[in-house]
**Student:** 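Got a structure here, written out as structure tokens. Questions coming.
These numbers come from the heavy atoms of this one structure, side chains and all, not from hydrogens, waters or symmetry mates. Chain letters run A, B, ... following the sequence lines, proteins first, then strands; residues in each count from 1.
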2 protein chains.
Amino acid sequence: MLPLRLMKRTTIKDIANQLGVNPSTVSRALKDHPDISPALRRKIKELAERLHYRPNQMAVYLRQRSSRLIGLITPEITMFFYPSVIKGIQDNLHDHGYNLIMLPSNESPEREIENIRICAENDVAGILLAFSRNSRLSTQFSVLEEIGAPVVMFDKILEDLPYDAVVLEDFQSAVEAVTYLAKSGCRRIAGIFGNPNMRITQLRLEGFRHALRHLGLASSDDLFCFADSAYEAEKCARALLTNPAPPDAIFAMTDEIIIGALPAIAASGRKIPEECSVICISDGFLPYCLYPQVTFLHHDGYEVGRLAAQQLVRLIESGDYKKENRSVERIMVKTQLIELATTRRVEL
Amino acid sequence: MLPLRLMKRTTIKDIANQLGVNPSTVSRALKDHPDISPALRRKIKELAERLHYRPNQMAVYLRQRSSRLIGLITPEITMFFYPSVIKGIQDNLHDHGYNLIMLPSNESPEREIENIRICAENDVAGILLAFSRNSRLSTQFSVLEEIGAPVVMFDKILEDLPYDAVVLEDFQSAVEAVTYLAKSGCRRIAGIFGNPNMRITQLRLEGFRHALRHLGLASSDDLFCFADSAYEAEKCARALLTNPAPPDAIFAMTDEIIIGALPAIAASGRKIPEECSVICISDGFLPYCLYPQVTFLHHDGYEVGRLAAQQLVRLIESGDYKKENRSVERIMVKTQLIELATTRRVEL
DNA sequence: TTACCAACAGCAACCGTTTGCACAACTGAT
DNA sequence: ATCAGTTGTGCAAACGGTTGCTGTTGGTAA
């Protein structure tokens with residue numbers, strides 16, 4: 001006998017032939033259609049089992065004009081935040097019988113467009129989308145509009161796009177971070193931010209400045225900078241600390257930034273947190289690995305992924321996304337402060 | 001005019017109708033079949049462009065009896081090693097026009113089988129597979145055999161399965177780690193290992209013991225232990241260090257283990273590396289984040305992913321995997337020692 | 001007996017693309 | 001004028017499964 005792998009896959013027709021019935025009868029029997037007698041139904045199911053019958057999803061998708069595939073488009077997949085998001089998405093999607101097709105854009109808007117096209121070609125049931133740094137409204141939008149499937153954005157969103165989104169409290173997190181530092185006694189608070197094109201950068205920067213203003217603290221241009229990588233963040237931190245009037249606290253906008261900044265602060269010879277406090281926004285894994293462990297605002301990637309997937313499934317199954325005047329939903333994921341070793345303790 | 005998203009997608013038939021030609025002609029024209037005259041070819045392509053025609057891949061797959069989807073089955077997706085592997089796979093697959101469908105098994109053999117089934121149902125062109133801790137040869141094998149597509153295993157493999165695999169030098173890495181510690185002056189070298197069911201654990205443990213024996217060092221049962229999580233690793237490390245004859249060096253088999261072990265060593269009050277050296281095997285990101293930065297053997301996940309994908313594409317496109325007497329390939333990824341702060345320097 | 005209805009099964013079209021084959025029209029050689 | 005050989009195009013089946021409709025039973029009520 002041939003090895004199984006070289007055998008033709010059993011189809012509905014094979015079952016029908018062996019039983020002398022029509023393929024349609026088999027199809028109906030397998031999905032418990034009441035038109036088929038229980039006896040026949042059992043016979044068909046038994047044979048299907050015996051022949052290891054598995055429906056060809058491609059055929060189903062084609063006929064049904066939609067797959068059970070979800071396209072996941074992200075600028076990056078390895079670093080920090082995204083793996084947990086993906087896990088959140090996966091766990092939720094699996095429960096609803098959808099499968100994920102991964103389409104990383106590597107921070108390239110062109111690749112992003114290509115990925116959206118791939119989604120279209122594969123008749124995905126829905127798209128989960130976090131944009132690259134340099135994606136712009138007009139270009140990305142027109143391609144997305146060609147898709148018949150619902151879209152849910154998360155994390156790195158384009159605010160004006162008429163799709164639902166799951167986001168973190170970026171503005172508010174920065175406010176909280178700064179406020180916490182101030183409460184712990186810091187007076188000159190510096191910030192290191194990511195790519196200034198990204199909306200999350202803008203929001204966190206706004207929050208940062210808003211808090212400083214509100215607290216009556218200095219907020220001059222030499223107290224913040226932008227860094228696109230850990231390496232640049234290290235340079236930024238060094239520059240901030242050699243200022244004539246150096247900060248007594250540093251807020252790092254992301255995991256990536258803290259990785260560069262923390263060694264620079266340590267290298268400057270300052271005691272942490274006494275001479276320089278440090279706080280960052282993180283998914284929650286890295287701060288525990290660093291030394292000293294960094295106080296951070298927990299941005300829960302898993303939760304973001306879970307909620308985005310949940311919302312997408314809801315849209316798919318209700319069909320609501322097709323409605324003309326549906327208003328866009330923004331789902332906020334709460335942030336939590338985790339006090340570790342790089343800040344002075346505050347009585348709250 | 002309707003929003004694009006609600007319009008029916010253009011098909012080959014639409015183009016054919018508008019031009020008064022046959023769908024088959026359109027199909028051929030779009031793929032530059034020489035039978036179609038250049039003039040008509042141009043006209044068809046122009047219209048296709050204008051109507052935003054995109055082929056329906058499901059139909060193509062169905063007709064072609066195989067998709068351009070690759071199933072990726074891993075026990076885990078967030079932690080340490082896998083994100084880089086996935087990136088390596090992605091980068092390679094994208095270049096060859098394949099797409100990845102992610103099927104995490106969450107360390108469950110049952111889920112693994114389900115995932116293999118999903119691959120079958122979706123007519124994947126190939127499968128990339130890393131097994132869960134508790135997967136067993138017999139059960140997993142029979143399901144895999146039903147698949148018509150080639151399989152490439154990586155990292156966590158089942159040795160006796162007749163599929164190609166990309167693996168790291170597990171035995172050799174452990175030997176190198178121990179040898180390096182010995183050269184740097186350590187005499188009582190302990191090891192903390194992962195789940196003993198996994199082949200990589202067995203190999204690394206064998207290498208560890210082999211090296212100790214070879215170097216004439218102690219290799220008693222109180223010098224190694226198994227830990228299934230960072231938390232357990234912490235307990236393990238603590239136990240090792242409170243031995244009557246404590247080790248002067250610890251080898252941690254994975255990232256996860258070092259996360260637990262390092263704090264325990266620090267907490268014991270020992271100076272690192274003078275009183276206790278530390279070395280681990282890692283994908284290369286985490287050791288730099290820890291304090292002190294941990295000397296490690298670099299196990300390059302990206303490279304594993306890249307090579308696994310490459311090999312799979314080769315099998316798919318050559319069709320070699322169908323050959324009866326094809327011998328199985330094992331591809332080894334080289335390991336590299338990175339000397340950081342937790343070991344005493346060695347003149348090599 | 002007739003009329004009607006349920007229960008069950010089959011027919012055939014359809015989803016969008018591909019592809020072997022047939023065939024028409026034209027060319028050029030005989 | 002005839003025939004073989006191109007060149008360009010169309011026909012129709014196929015991939016595997018789904019589903020609206022039709023048709024055949026057998027049974028029940030009028």
**Student:** Could you tell me the separation between the CZ atom of B/R41 and the P atom of D/dT7, rounded to a whole number of Å?
**Tutor:** 13 Å
**Student:** For A/N106 and B/K87, test the side chains for any donor-to-acceptor distance below 3.5 angstrom and give the result as yes or no.
**Tutor:** yes
**Student:** With a 3.5 Å cut-off and no angle check, do the side chains of B/N122 and A/Y61 form a donor-acceptor pair?
**Tutor:** yes
**Student:** Indicate, with a heavy-atom threshold strictly under 4.0 Å, whether A/L62 touches base, sugar-phosphate, or nothing.
**Tutor:** base
**Student:** Does the side chain of B/K31 get closer than 4.0 angstrom to OP1 or OP2 of C/dT18 through an N or O atom?
**Tutor:** yes
**Student:** Using whole Å, report how far CD of B/Q64 lies from C1' of C/dT17.
**Tutor:** 8 Å
**Student:** Specify the separation, in whole Å, of atom CG of B/L40 and atom P of D/dT7.
**Tutor:** 17 Å
**Student:** Do B/E76 and B/T74 have side-chain N/O donor and acceptor atoms under 3.5 Å apart?
**Tutor:** no
**Student:** B/E121 has an atom CD; how far is it from atom P of D/dC15, in whole Å?
**Tutor:** 20 Å
**Student:** Determine the contact category for B/T11: base if any of its heavy atoms lies under 4.0 Å from a base atom, sugar-phosphate if only primed atoms, P, OP1 or OP2 are that close, otherwise nothing.
**Tutor:** sugar-phosphate
**Student:** State whether A/S27 places a side-chain N or O below 4.0 Å from either non-bridging phosphate oxygen (OP1 or OP2) of D/dG17.
**Tutor:** no
**Student:** Going by modelled atom types, is there a donor-acceptor pair between the base of D/dG17 and the side chain of A/R54 at under 3.5 Å?
**Tutor:** no
**Student:** Using whole Å, report how far CG of B/N22 lies from P of C/dT19.
**Tutor:** 15 Å
**Student:** Round to a whole Å and report the spacing from CE of B/M58 to C1' of D/dT18.
**Tutor:** 17 Å
**Student:** Students often get this wrong, so: under 4.0 angstrom with heavy atoms, is B/V21 touching a base, only sugar-phosphate, or nothing?
**Tutor:** sugar-phosphate
**Student:** Using a 4.0 Å heavy-atom cut-off across all strands, classify B/D35 as base, sugar-phosphate, or nothing.
**Tutor:** base
**Student:** What about A/R63: does its side chain form a donor-acceptor pair under 3.5 Å with the base of D/dT18?
**Tutor:** yes
**Student:** Test A/L129 against every option in A/L144, A/V152, A/L312 by the side-chain contact (heavy atoms from CB on, under 4.5 Å) rule and name the one that passes.
**Tutor:** A/L144
**Student:** Can you see if the side chain of B/S37 gets near the phosphate of D/dG8 - specifically, an N or O under 4.0 Å from OP1 or OP2?
**Tutor:** no
**Student:** Is the phosphate of C/dT17, meaning OP1 or OP2, less than 4.0 Å from a side-chain N or O of B/Y53?
**Tutor:** yes
**Student:** When only distance counts, do a donor and an acceptor, one from the side chain of A/S24 and one from the base of C/dC11, lie under 3.5 Å apart?
**Tutor:** yes
**Student:** Using only heavy-atom distances, determine whether the side chains of B/S132 and B/N134 contain a donor-acceptor pair under 3.5 Å.
**Tutor:** no
**Student:** Could a donor-acceptor pair under 3.5 angstrom be found where the side chain of A/R28 meets the base of C/dG10?
**Tutor:** yes
**Student:** Atom CG of B/D14 and atom P of C/dT17: how far apart are they, to the nearest Å?
**Tutor:** 9 Å
**Student:** What is the separation between atom CG on A/N56 and atom P on C/dC15, rounded to the nearest whole Å?
**Tutor:** 18 Å
